[in-house]
Each structure stands twice: as structure tokens, then as C-alpha cells.
Protein chains: 2
Amino acid sequence: MASRAKATILDIAREAGVSKSTVSLVLQGSGLIRPETAVKVRKAIEDVGYVYNRGAANLRKAHSNVIGMVINDLTNPFFAELAVGMERVFQAAGVVPFIANTAENPVRQEEVLKSMMEQGVAGLIVSPARGTTPGAFRRIEAAGVPVVFAMRRLPESRIPAIAPDNHRGAVLATEHLIRKGHRRLAFFGGSSDLVVYQERLGGFLEACETLGIPAADRLIVEGETSRKGGMACLETALAIPEPPTAALCFNDAVAFGVMLALRKRGLEAGTDFAVVGFDDVAEAEHYSPALTSVAVDTAGLGERAAHVMLKMIQSRTTRAEDHIGAVSLVVRESSGPDRNTQVGDAA
Amino acid sequence: MASRAKATILDIAREAGVSKSTVSLVLQGSGLIRPETAVKVRKAIEDVGYVYNRGAANLRKAHSNVIGMVINDLTNPFFAELAVGMERVFQAAGVVPFIANTAENPVRQEEVLKSMMEQGVAGLIVSPARGTTPGAFRRIEAAGVPVVFAMRRLPESRIPAIAPDNHRGAVLATEHLIRKGHRRLAFFGGSSDLVVYQERLGGFLEACETLGIPAADRLIVEGETSRKGGMACLETALAIPEPPTAALCFNDAVAFGVMLALRKRGLEAGTDFAVVGFDDVAEAEHYSPALTSVAVDTAGLGERAAHVMLKMIQSRTTRAEDHIGAVSLVVRESSGPDRNTQVGDAA
DNA sequence: CTGAAAGCGCTTACAG
DNA sequence: CTGAAAGCGCTTACAG
């Protein structure tokens, strides 16, 4: 079965009757080689079942063609889509993207990052795990390996970030809700240790401010950024004396949870309570009722991040501009008008 | 910023005033080194900002600690869960799992596999893309690198496979439907180029046979294994003269599509038409109505695959037993009784 | 166009 | 316990 001894360029050289330099040159597609020779060598490569040893080449060349993508939660379709977008452009550029999952765990992330560095990656694209400490990337930066953050960023870090315009998205969504007649609004899910949270919540608050929703009519419920978290948020909100009639959710997962909790109470999103999500994952469109959400062009952002990384590697720099992606509100069924709006409300 | 020249063990040796062999030994945690020396060396490692060059080490040791996981569709939560399950055990075993996505594209898969081999992986776990040719793994087998298939297998391949008991799962689901009074049954989605399809369809047909559903009352509609595919299947099925009243779907994605299409026609899964999915993804439970599905213990299968791989590497073999995972039917709301069952039917 | 030689960063016997 | 030396598979000047 297994051909025990791996073939090397020396075996090829012997087989083809040339020197190993010549083999190396045809491996690299050099134009210096006479076509007949190249053909002969390529045949030998086939014959001996050669597998290029990129590790050895990288060692000699002192650089690699692998880029690490470190994702905080691969089971979230949102991040999976991001990864797929990046992969596409890397593949096209002839670099090999390796994905690793940190499961939202900073310790795990530390290990993964270390592995990637030891493997000699040319660059790292990371969507940092929650609770990542500011120092987590110091050694990597010191080693001169380019890093870009995707979707998430760290407070006071100089590492370039590619992210959607979270503030703007939240403003759009909140204005939409207010225009629909809602006067008591909630912001559901997430927590303040995430920069993204601050941006989205900031947009929500700004829109409330601008359109005259007083602080007393704004409810903020922190929570897990999952379906479960969303369910809890709704329960909390509905338990207060004058509950909100609409909510902007930290992300779509939270929004799905809210809709689920509504249904359990015999209420329907859109008619009894308005809900808006964030991210516009593929499922939003297919949910019932279909979820109004802020579209962030996930795959596009992924591609962008990959391009930025490629350019950083090429120009041997560790710096780049941040990129804030455009967002848009996709209005569907889940965000209907306030039922009581003509009866007069304004708590 | 970037410390241009990377530190090597020679730098550490110089810094610590020892030889590089000594440094290498402490790097490997050898017990041969006097504690004080080790401490001194470790300090030097910190001081010079050393990053272990695993590529160089692997070159010398002629083996690596990276394992490749090649997944056919990372955006499908089902496969993402599988990957995460595997990652967990690898991480614990000190090996580095790198994930790559083939997007269900055999050509892409070819490239990814090649990259992985060049990178010198110690083993490969793959969920083969649809349309993978039997020869796709010949070179890898010839090179003596262990491969295991997860979830999917190839016809007439000797590569060990870890997969759920698809046949049994389909039998359970079909029996359930028949016991609920359904007499005209459909099998929705998938296509015969997938071994999994043949297994699941086989179970469906066997149960029909056993419980006396004649061939004339069985409808098989092939289709994409996605929501979209499911929607199309339902349309096709409802267009025939005596349409089925229940369907076993190739997977949950197809089932979600069927439920969507039902709703668009003002019908409700569970009361107007029974639907059963396959895989029992996390979402099945939260859907409305909640989806009856065949649970396959995805994460468990992933862990199992990882363990098999680890053992193969350890015992330097390229062979292992197949593993067929137990399945169970999780009955929820989407599979109600046939409404007309007492009125008499049997086309 | 092709060959001989050095060296990338590590590990592994082999002496001491 | 520690040091000197060889070698893993490749690439890169440097001659010819």
C-alpha cells in the first residue's frame, strides 16, 4: 500500500536524469528550462508519485503561503459565510486558507493563534473571541505578521478592522420602528464587552434621541447573543409595567429567539410586537414571519478582509485602513406598526 | 514594530549561554535538562520573542502534527457542528486541526487536498464533495496518509467511514409516518449520486414494503438538498392527481423548505401534511411547527471520527473499521396523523 | 539552460 | 546533563 519512503526532488532528478536544481526550477514553473526537459521532469514527477513539500520550501524561502482564519464561532452561519467569502479570494490568489474555530473561548484562541504562528502563517484574519484581552496579539504584532480583524474589533487596538457600519444600521432600524408608530422601544441582547454592541446600541440610542423617544421609554436588556438569549430578553421586557412594543435585536439569532418566545405566549411578531434583527442571515428571509433585519453584506466583507490581507502581505506592512461596510435595512413582515398608535400612547 | 529577523534556537542559546541542543531539549520538555538550565532557557525564549518553527521541526522529524479536515459545506450548520466536534478531540490530543471548505465542488476539493498534502498533514478527515470521483484519493492513499470519511462515503472505496445508520433512521421515520395513518408517502430531495441518499431511500422503501404500502402509493422526488430543493419537491408532489399526505425528507434543510412551501399554500405541516426531516439540526426543535427528525448525534460522530484518525496515525495504518452511529427518531409537531385516515383511503 | 554547494531552523544520535 | 555534527527537502546564487 503505502509507499513508505516519500519521493523527493532527488528521486525525480534521478528518474529524469537531471540535477535537482533543474527539478526545482520546473516545479516553480521557471522559464529557464527547455520544454523537453520540463516534460521529462514532469513525467518523472508523476512516475515517482511526488508530493511537494511546502514546509521545506517555506523554510528555505523564509515565507509561507498559508493564511490563518481564526473564527469565534463556526456554528453560527453568519461567521461561516464570512469564512467562505474570504476563502474564495484566497483560493483565487493561490494562497491556502486554513480555518480554525475558537468557540468564543479566549484560552482556546490563544492556543489556536500559537499553532498558526508556529505553522508559519503569512497572515492572520481573526474575528476575536469575546473577552479577548488587549495583549493577546502583542507577540504576533511583534513578530511582524499582519493581522486583520473581521466583523469584530478590539478596543484601542491598532490592528485594522473590516466591519459593517453598525451604528448606521442601528439608526436605520430604530428610525424604521419609530416611523411605524412605536413609542416604547427595547434593545435586546449582547453585552457591553463587545465593541460591536456599543456601536449598535449607540445607533439605537442616537435615533431615539433624535426622534424624541425619552429615556424612560427605552429599555435595554443585555443577554446572550443566541436564540436562548433572545427568549430571555423578551420575558424580561414583558414583565415590566409598561412593556415596549418593539425591539431592535443585537443580531438575528436573538431576534429568532424573541419571535419564538412571542409565539409561546400566543403573540405574533409583526402584529403584536415588532422585531428587527441584525446581520440578515440567509434564514431571516425564510422565517415565519419573515424577519426585518439589517443586511451587512457578510460575504462582501469577507472578501474585502481577504483583499486587505493580501495587500498587507504584498507590501510587507502590518498597518492598513479600517474598512466600514455599507449596511441597509431589509424590511419584511416582523416589524409591523404599533397597534395602539392611533389610540394615543406616549407613556 | 516588526522585529525583522525571527529569533531561532541559536539566538536563544546565545542569550541563555547554552548550546542549541540544550534549547531544543527544553523546547521538547525533555527530562534530561537540569531545572535551573531549563528556567534560564525559558526566560531567554521569552526575551528574544521566539516563535517555534514547526515546519523546520517537522522536516527534521519527518512527521507533522497537523490534521486536515475537509468539509463539503461549512455554511451548513450540520457540517459545522461535525467540524466542531472533531476539533474538540484534536485540540485535546495536542494536534492542530485545520479546516478547509470545498463548497461541494470536486475541483476545489482536489486543490484543497493537494494543499493539505503539501502542507504535510498527518491525516485527513473528509466529508467528500458531491461528485467526487473514485480516483480522487488514490494518490493520498499511495502516499500512506490516513484518510477517514465522515458522514459521507464513496462507493467502492476502502477508506474507512464514520456515518450514521441512515438506513435504520429512514426505516424508523417511515414506520412512524405509516403508523400515523398515512398511506401515500413521498421521499423528498437528494439524488442518487450520493451513497447517503441510497441508504436513506433504501430504508424508506424497505419500511413501505414491510408495512404494505404498494409501489403505486410511493412517490420519489429527487432534488437539491436545500430549502429551495424542498420547496420544489412539495410543488411537484402536490401537482399529481393523488398526492402524498406525508413525506420523509432527505435532510432537515429539505424539510424546512417543504414546510415553507406548505405555508405559502396556506397549509400547515403536521395537520395538513406530515413532514419528517433527517439529521435533527439544532434548528429543528425551534422551528414552527417543531420538526420531527432523525437524530444522528453529529458531534458524537465527529468525535468518533477524530478518535479513529488519531488511532490510525498512532498505529501507522491506513485501514480502520467503518463505524455506523446509532440514530433515533425525535417526534415533534410536524408529523401529525393523516386527516382522512378514518374516512378510508388506500388509493 | 544545467550542476555543485550552501543554508533555512530544527532534531537526533554520538561523544564527553 | 551538554556540545559538535549531520541531515530533513527544498531554493538560491554562482559557475559553467
Side-chain angles (χ1 to χ4, degrees), chain A residues 3-42 44-45 48-66 115 117-122 143 145, chain B residues 3-42 44-45 48-66 115 117-122 143 145:
Chain A
S3 61
R4 275 308 68 192
K6 274 194 192 171
T8 74
I9 53 169
L10 253 180
D11 299 307
I12 300 170
R14 203 176 305 122
E15 180 83 12
V18 300
S19 84
K20 66 181 178 141
S21 312
T22 305
V23 175
S24 177
L25 257 14
V26 347
L27 245 21
Q28 295 170 81
S30 162
L32 297 177
I33 302 295
R34 211 190 321 155
E36 304 95 88
T37 310
V39 168
K40 201 170 52 178
V41 170
R42 262 190 275 277
I45 289 175
V48 302
Y50 175 72
V51 175
Y52 187 66
N53 185 331
R54 202 165 284 280
N58 289 345
L59 177 56
R60 183 62 229 275
K61 295 201 290 194
H63 74 261
S64 90
N65 73 328
V66 358
S115 284
M117 287 299 286
E118 292 184 355
Q119 222 58 235
V121 293
V145 171
Chain B
S3 61
R4 274 307 71 193
K6 275 194 191 170
T8 74
I9 54 169
L10 254 179
D11 299 306
I12 300 170
R14 203 175 304 123
E15 180 82 10
V18 299
S19 84
K20 67 180 179 144
S21 313
T22 306
V23 175
S24 178
L25 257 13
V26 344
L27 246 19
Q28 295 171 80
S30 163
L32 297 178
I33 302 295
R34 210 189 322 153
E36 305 95 86
T37 311
V39 169
K40 200 170 55 178
V41 170
R42 262 190 275 277
I45 288 174
V48 303
Y50 174 73
V51 175
Y52 186 66
N53 184 333
R54 201 165 285 280
N58 289 345
L59 177 56
R60 182 62 226 278
K61 295 202 290 194
H63 74 262
S64 90
N65 73 329
V66 357
S115 284
M117 287 299 287
E118 292 185 355
Q119 221 59 233
V121 292
V145 171

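All figures in this text were calculated on a predicted structure; none of them were measured in a lab. Lettering follows sequence order; numbering is per chain, from 1.
- For the contact set between residues 14-23 of chain B and DNA chain D, defined by any heavy atom under 4.0 Å, the members are B:V18, B:S19, B:K20, B:S21, B:T22.
- Spacing between atom CG of A:N58 and atom P of D:dC8 amounts to 19 Å, rounded to whole angstrom units.
- Atom-to-atom distance recorded for A:E15:CD and A:L10:CG is 13.0 Å, nearest 0.5 angstrom.
- Taking CG from B:N53 and CD1 from B:I9, the interatomic distance works out to 10.0 Å, rounded to the nearest 0.5 Å.
- Across the protein-nucleic acid pair, A:M117 atom CE and C:dG9 atom P stand 14 Å apart, rounded to whole Å.
- In terms of heavy-atom proximity, A:Y50 sits nearest to A:A7 at CD1-O, 3.4 Å.
- Comparing B:Y52 and A:L32 along DNA chain C, the residue whose closest nucleotide (by nearest heavy atom) sits nearer the 5' end is A:L32.
- A:D11 has its CG atom 11 Å from the C1' atom of D:dG9, to the nearest Å.
- Side-chain contact check for B:R42 versus B:V26: some heavy-atom pair is nearer than 4.5 Å.
- From A:T37, atom OG1 reaches atom CG of A:L32 across 11.5 Å, with rounding to the nearest 0.5 Å.
- As rounded to whole Å, 12 Å separates atom P of D:dC1 from atom CG of B:L25.
- Phosphate proximity of D:dT2 to B:T37: present, with a side-chain N or O under 4.0 Å from OP1 or OP2.
- Rounded to the nearest 0.5 angstrom, A:K40 NZ and A:T22 OG1 are separated by 9.0 Å.
- Separating the CG atom in A:N58 from the OG atom in A:S64 is a distance of 5.0 Å, to the nearest 0.5 Å.
- Of all heavy-atom pairs spanning A:A38 and A:I33, the tightest one is N-CG2, 3.8 Å.
- Contact annotation for B:S24: base contact, defined as any heavy-atom pair under 4.0 Å involving a base atom.
- B:L27 has its CG atom 14 Å from the C1' atom of C:dT12, to the nearest Å.
- Between the CG atom of A:N53 and the P atom of D:dG7 there is a distance of 18 Å, rounded to whole Å.
- What separates CG of B:L59 from C1' of C:dC8 is a distance of 9 Å, to the nearest Å.
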Dot-bracket encoding per residue of DNA chain C, Watson-Crick/G-U cut-off under 3.5 Å, | denoting interstrand | |||.||||||||.|||
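- When rounded to the nearest whole Å, the span between CD of B:Q119 and P of D:dC10 equals 13 Å.
- Applying the side-chain hydrogen bond (donor to acceptor under 3.5 Å, both in side chains) rule to A:R14 yields the partners A:D11; only residues at least two apart in sequence or on another chain are considered.
- No donor-acceptor contact under 3.5 angstrom links the side chains of A:S24 and A:S21, judged on distance only.
- Using a 4.0 Å cut-off, no side-chain N or O of A:Q28 falls inside it from OP1 or OP2 of D:dC10.
- The residue B:I33 sits close only to the backbone: its heavy atoms come under 4.0 Å of sugar-phosphate atoms, none of a base.
- For B:K61, the side-chain atoms get nearest to C:dT12 when compared with the rest of C:dT12, D:dT12, C:dC10.
- In this structure, B:R54 does not reach the C:dC10 phosphate: none of its side-chain N or O atoms is under 4.0 Å from OP1 or OP2.
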